[in-house]
Each structure stands twice: as C-alpha cells, then as structure tokens.
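Hydrogens, waters and symmetry mates are skipped; everything else that's a heavy atom, side chains included, is used. For reference, positions follow the sequence shown, starting with 1. It should be emphasised that the depicted structure is a prediction, and the values quoted were computed from it without experimental measurement.
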Amino acid sequence: MLNKYKLEALWEKIKKVEWELIGYLLIATLLALLIRISLLSFKSDDYETYTKIWYNALQTSGFSALKDDFSNYNPPYLYLLYLVVRFLPGLDKVIAIKIPSLIFDFICAAFIYKIVRLKSEKRIVPLLAYVAALLSPTMILNSSLWGQADSIYTAGIIAGVYFLITRKNWYSLISFGIAFAFKLQAIFLLPVFIALWLKKELSWKHFIAIPIVYLLSILPAWVIGRPLISLISIYFSQAGEYNKLTSHAPTLYAWFPLGRDLFQLILPAGIAFAITVIMVIILVIIKSTAKLTPALLLELALLCVLVIPFVLPKMHQRYFFPADVLSIAFGFYFPTYFFVPLTINMVSFFSYQYFLFGVEPIPTSNLALVTVTIISILISKVLRDLFSMKNEIPVQDIRP
C-alpha cells in the first residue's frame with residue numbers, strides 16, 4: 001500500500017512538470033550546440049600565435065608543463081586545457097581548445113536564466129533569456145569561432161551577480177574570486193562589491209574569499225615547481241603588454257589618433273580618469289538611500305562592466321563580453337529598454353570583425369559613439385532608480 005501511495009505522489013509530480021517548456025529548452029540547447037559545432041574548425045590568429053602553442057606544451061609535457069612560464073594566462077585556464085588533453089587526446093587541437101569555452105557558454109546562459117527567473121513568474125520568460133544568451137552573436141563568435149576564454153570568467157561574474165541578488169554573499173564573492181582567478185578583467189565588477197561594503201551590506205570578511213580562491217587556483221602550478229613570484233605577477237605582466245590606447249575596442253580612446261608618442265602621453269591620464277570614474281560610481285551608490293533591489297543591483301553591475309572598459313585605456317574588443325551577456329538579463333528585467341542589450345551586443349559583433357576577418361564594417365569611432373549613447377541612457381536610469389523612493393522588487397521577496 002505504501003508503494004502505491006508513493007507511486008501516486010510521484011505521478012502527481014510528473015504531471016506538474018512543464019514538459020512543453022523542457023522540450024523548448026532542449027531544442028534551443030541543441031540548436032545553440034549545432035551552430036557552435038559548425039564554427040569549430042575556424043582558426044584565428046590567436047589560435048596560431050598563442051593557444052595552439054600552449055596546447056602543444058601540455059600535450060608534450062603533460063601537467064608538468066605548468067612549472068614553466070609558457071603562457072600569459074593564469075593557471076586555471078591551463079588546467080582546463082590539460083583536462084581536455086588528458087581525457088580527449090585524439091581531438092583536433094582547434095576544437096579541443098574551444099571545449100572549455102563552449103561549456104561555459106551554457107553556464108553563463110544558465111545563470112542568466114536564474115537571474116531572470118527571480119523577476120518573472122512565467123517560466124517562458126527566463127527560458128527566452130536563456131535562449132537569447134546562447135544565441136547572442138558575440139557569445140557564439142567569442143567561444144566557438146574565436147576560441148577565446150571570455151565566457152569562462154564571465155560565468156563567474158554572472159554567478160557572482162546572481163548570488164549577490166539572492167543575498168548569498170559568500171557564494172557571490174567566491175564566484176567573483178573564481179572569475180578573477182581566470183582573468184584580470186573580472187575586476188570590472190569590483191566597484192559594486194566595494195560600494196556595498198562601504199554601505200555595510202557586505203562584511204570585509206567576505207572579501208577574504210578572493211585571495212583564498214586565487215591562491216588555491218595557483219597552488220597546483222606552484223607545487224609542481226613554478227616560482228610563486230612568477231604566478232603572482234602574471235596579471236602585472238599582462239598589464240604591460242599591448243601598448244595601444246585601444247585594440248579596435250569601442251572605447252573613449254577610439255577617438256584618439258594612434259601613435260606611440262601619444263600612447264605614452266595619454267596612458268597615465270587615462271588610468272587616472274578611469275580611477276576617478278570608478279570612485280564616482282562608488283560614491284554615488286554610497287550616497288543613495290534606495291533599497292538595493294535585485295533590479296537595482298543588476299543595473300549597477302551592468303553599469304560597471306560597461307563603463308569601466310569604456311574609460312580604461314588598452315582595452316580589447318572582447319573586454320565588453322561581460323556587458324554583452326549581463327545586458328541580456330537587464331533587457332528582460334526592463335523590457336522597455338530592450339534596445340540596450342541589442343545595441344551592446346551588435347556593437348561588440350561589429351567590433352569583432354576587424355580582428356576575425358580583417359574588415360571594419362563600421363568604424364570603431366562610430367561604435368564608440370553608440371556605446372557612449374547607451375552608457376548615457378543607462379546612467380540616467382541608474383541615477384533615477386538610486387535616488388527614487390520606489391522599489392520594484394523588495395530584496396526579501398525574491399524567490400530562491
């Protein structure tokens with residue numbers, strides 16, 4: 001009799017499952033996967049110059065290769081490549097190198113789904129957000145065509161935002177620490193955490209997660225013989241590379257003429273200006289008395305990952321990738337601003353063309369003008385919401 005009751009309860013649960021939505025989800029996932037598979041054979045200059053060499057080193061020497069300084073990326077990315085070498089040894093190199101990024105595409109999309117699910121009671125809406133993320137042109141080009149690792153650290157950023165919204169502060173800072181362990185550009189989100197700490201929404205103890213995660217991430221490479229100073233200084237070495245005000249990125253510096261002399265003159269002023277902008281963002285958040293609703297936290301996160309790479313010199317096109325992905329969640333939170341994710345993603349799409357295919361359909365200076373227009377619109381909205389009395393979604397009412 002007990003088994004009968006259990007079977008009946010199980011059948012009731014099965015009947016409540018939204019099988020139609022699950023079917024749509026599987027179809028969208030399969031479509032996104034097929035599109036990516038069709039692009040995997042493309043070999044970019046970065047593949048020929050960098051990632052193929054790193055992969056060869058791991059193939060030749062195995063995990064012990066990590067004791068040497070053969071890559072300008074932090075060890076966690078190389079660990080992922082090693083796993084591919086270890087468990088998929090017969091895979092074509094250009095495809096193998098793209099496997100980690102492809103996996104994290106879907107992780108990014110899953111967290112976009114979770115963020116939008118907090119806003120909407122209709123299951124179809126977060127599903128559409130998931131699909132929009134997976135089928136966004138820059139996500140497809142970045143991972144499956146270009147073979148870049150931006151989806152990996154961006155997954156940590158998006159997870160950090162999700163856990164911040166749901167008030168799981170330790171998980172949020174751990175996710176951010178993971179993102180930072182993969183790539184320095186994760187720091188674009190850091191001003192949000194600093195502002196929340198100064199507003200006493202976060203404890204200083206939460207920030208301990210960042211160095212702990214980072215040290216754990218470099219520990220295996222250190223144990224097998226790579227000097228600790230070499231591991232700690234990777235990001236400092238990266239900062240000294242690429243002596244251009246912008247590498248065809250739609251930033252403030254797209255309006256400056258190129259030239260070595262001008263680079264030396266503008267770089268210090270550009271860094272100082274970016275630091276000033278960051279401090280202003282933090283100060284504005286601190287001065288606001290508005291409740292930090294999920295919607296507002298999402299806005300602030302998007303503002304930081306869009307504005308900071310725009311005002312920093314030495315940026316690449318790909319450094320707007322977190323904004324590309326996070327803007328999709330923003331568009332679903334604020335449907336009247338649907339043009340924001342569309343524009344941000346299309347700007348990135350066109351800025352990719354020069355490096356990938358050697359063409360410039362739209363001049364980078366024009367793309368920068370579009371970007372600053374979107375930034376102005378976003379700043380206007382953020383300021384209204386920061387200093388407005390209304391709250392769209394109280395923090396305590398969010399669904400886990």
Side-chain angles (χ1 to χ4, degrees), residues 17-48 51-52 55 77 80-81 83-117 123-156 158-159 317-318 320-322 324-329 331-332 338 341-342 344-353 355-357 359 361:
V17 174
E18 299 179 58
W19 294 106
E20 186 177 1
L21 286 179
I22 291 176
Y24 290 145
L25 182 67
L26 291 175
I27 292 171
T29 300
L30 180 60
L31 175 62
L33 188 59
L34 290 175
I35 292 172
R36 283 161 169 77
I37 290 173
S38 70
L39 301 174
L40 290 179
S41 61
F42 179 84
K43 298 178 181 179
S44 70
D45 288 345
D46 279 341
Y47 167 77
E48 298 290 353
T51 51
K52 182 174 75 171
Y55 196 82
Y77 176 65
L80 295 182
L81 288 187
L83 289 175
V84 179
V85 169
R86 177 69 176 79
F87 294 105
L88 299 170
L91 204 57
D92 189 291
K93 288 177 190 176
V94 68
I95 297 174
I97 287 167
K98 296 175 182 180
I99 293 295
S101 300
L102 295 185
I103 293 171
F104 279 89
D105 277 0
F106 290 88
I107 295 174
C108 281
F111 274 103
I112 292 296
Y113 173 94
K114 291 172 76 66
I115 290 173
V116 175
R117 181 72 185 93
R123 294 278 185 179
I124 191 65
V125 175
L127 175 60
L128 290 173
Y130 170 84
V131 173
L134 277 183
L135 298 183
S136 63
T138 50
M139 184 180 282
I140 291 172
L141 290 181
N142 190 289
S143 298
S144 56
L145 190 78
W146 202 339
Q148 292 293 344
D150 295 286
S151 66
I152 300 175
Y153 84 95
T154 297
I158 305 298
Q317 312 96 323
R318 298 177 289 101
F320 286 95
F321 189 83
D324 296 341
V325 181
L326 200 57
S327 68
I328 294 170
F332 279 89
F338 70 92
L342 289 176
I344 289 174
N345 276 270
M346 290 313 297
V347 166
S348 290
F349 174 79
F350 284 114
S351 70
Y352 281 17
Q353 304 304 308
F355 190 89
L356 288 173
F357 308 114
V359 297

Please give me the minimum heavy-atom distance between [X] and [Y], naming the atom from each residue.
X: L141; Y: Y352; value: CB-CD2, 4.0 Å
X: A96; Y: Y55; value: CB-OH, 3.2 Å
X: F104; Y: A155; value: CD2-CB, 3.7 Å
X: P89; Y: F87; value: CD-C, 3.3 Å
X: Y77; Y: G147; value: OH-O, 4.4 Å
X: A329; Y: V116; value: CA-CG2, 4.0 Å

Closer than 3.5 angstrom, by distance alone: can the side chain of [X] be matched with the main-chain N or O of [Y] as a donor-acceptor pair?
X: N345; Y: P341; value: yes
X: R36; Y: A32; value: yes
X: S351; Y: S348; value: yes
X: S143; Y: L102; value: no
X: K98; Y: L40; value: yes
X: S136; Y: A133; value: yes

For the atom pair [atom1] ([X]) and [atom2] ([Y]), what is the distance rounded to the nearest 0.5 Å?
X: R117; Y: I112; atom1: CZ; atom2: CD1; value: 15.5 Å
X: T138; Y: D324; atom1: OG1; atom2: CG; value: 3.5 Å
X: Y153; Y: I158; atom1: OH; atom2: CD1; value: 10.0 Å
X: L33; Y: S38; atom1: CG; atom2: OG; value: 10.0 Å
X: N142; Y: D105; atom1: CG; atom2: CG; value: 7.5 Å
X: K52; Y: Y47; atom1: NZ; atom2: OH; value: 5.0 Å

W146 and ring pair (Phe, Tyr, Trp, His ring centres under 6.0 Å): which single residue from F349, F42, F355, F357 fits?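 Result: among F349, F42, F355, F357, F355 is the only option passing the ring pair (Phe, Tyr, Trp, His ring centres under 6.0 Å) with W146.
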
Item to complete: Evaluate side chain to side chain contact (heavy atoms under 4.5 Å, CB included) for I140 paired with L145, printing each intermediate quantity in order.
Response: CA-CA 7 Å; I140 291 172; L145 190 78; over 6 Å; no

Discussion item. Pair I328, F332 - check side chain to side chain contact (heavy atoms under 4.5 Å, CB included), show working.
Written reply: CA-CA 7 Å; I328 294 170; F332 279 89; 4.0 Å; yes

*For side chain to side chain contact (heavy atoms under 4.5 Å, CB included), just list the numbers for S101 and I152, CA-CA rounded to whole Å, side-chain angles, deciding distance to a tenth of an Å, and then say yes or no.*
CA-CA 6 Å; S101 300; I152 300 175; 4.2 Å; yes

I would like to know whether L134 and V131 meet side chain to side chain contact (heavy atoms under 4.5 Å, CB included); could you show each step before the answer?
CA-CA 5 Å; L134 277 183; V131 173; 5.9 Å; no

Are M139 and D150 packed together at the side-chain level, in the sense that at least one heavy-atom pair is separated by less than 4.5 angstrom?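 Sidechains of D150 and M139: no contact.
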
- Query: Tell me, do L26 and T29 make a side-chain contact under 4.5 Å, heavy atoms counted?
  - Reply: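 SC-SC contact between L26 and T29 ruled out.
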
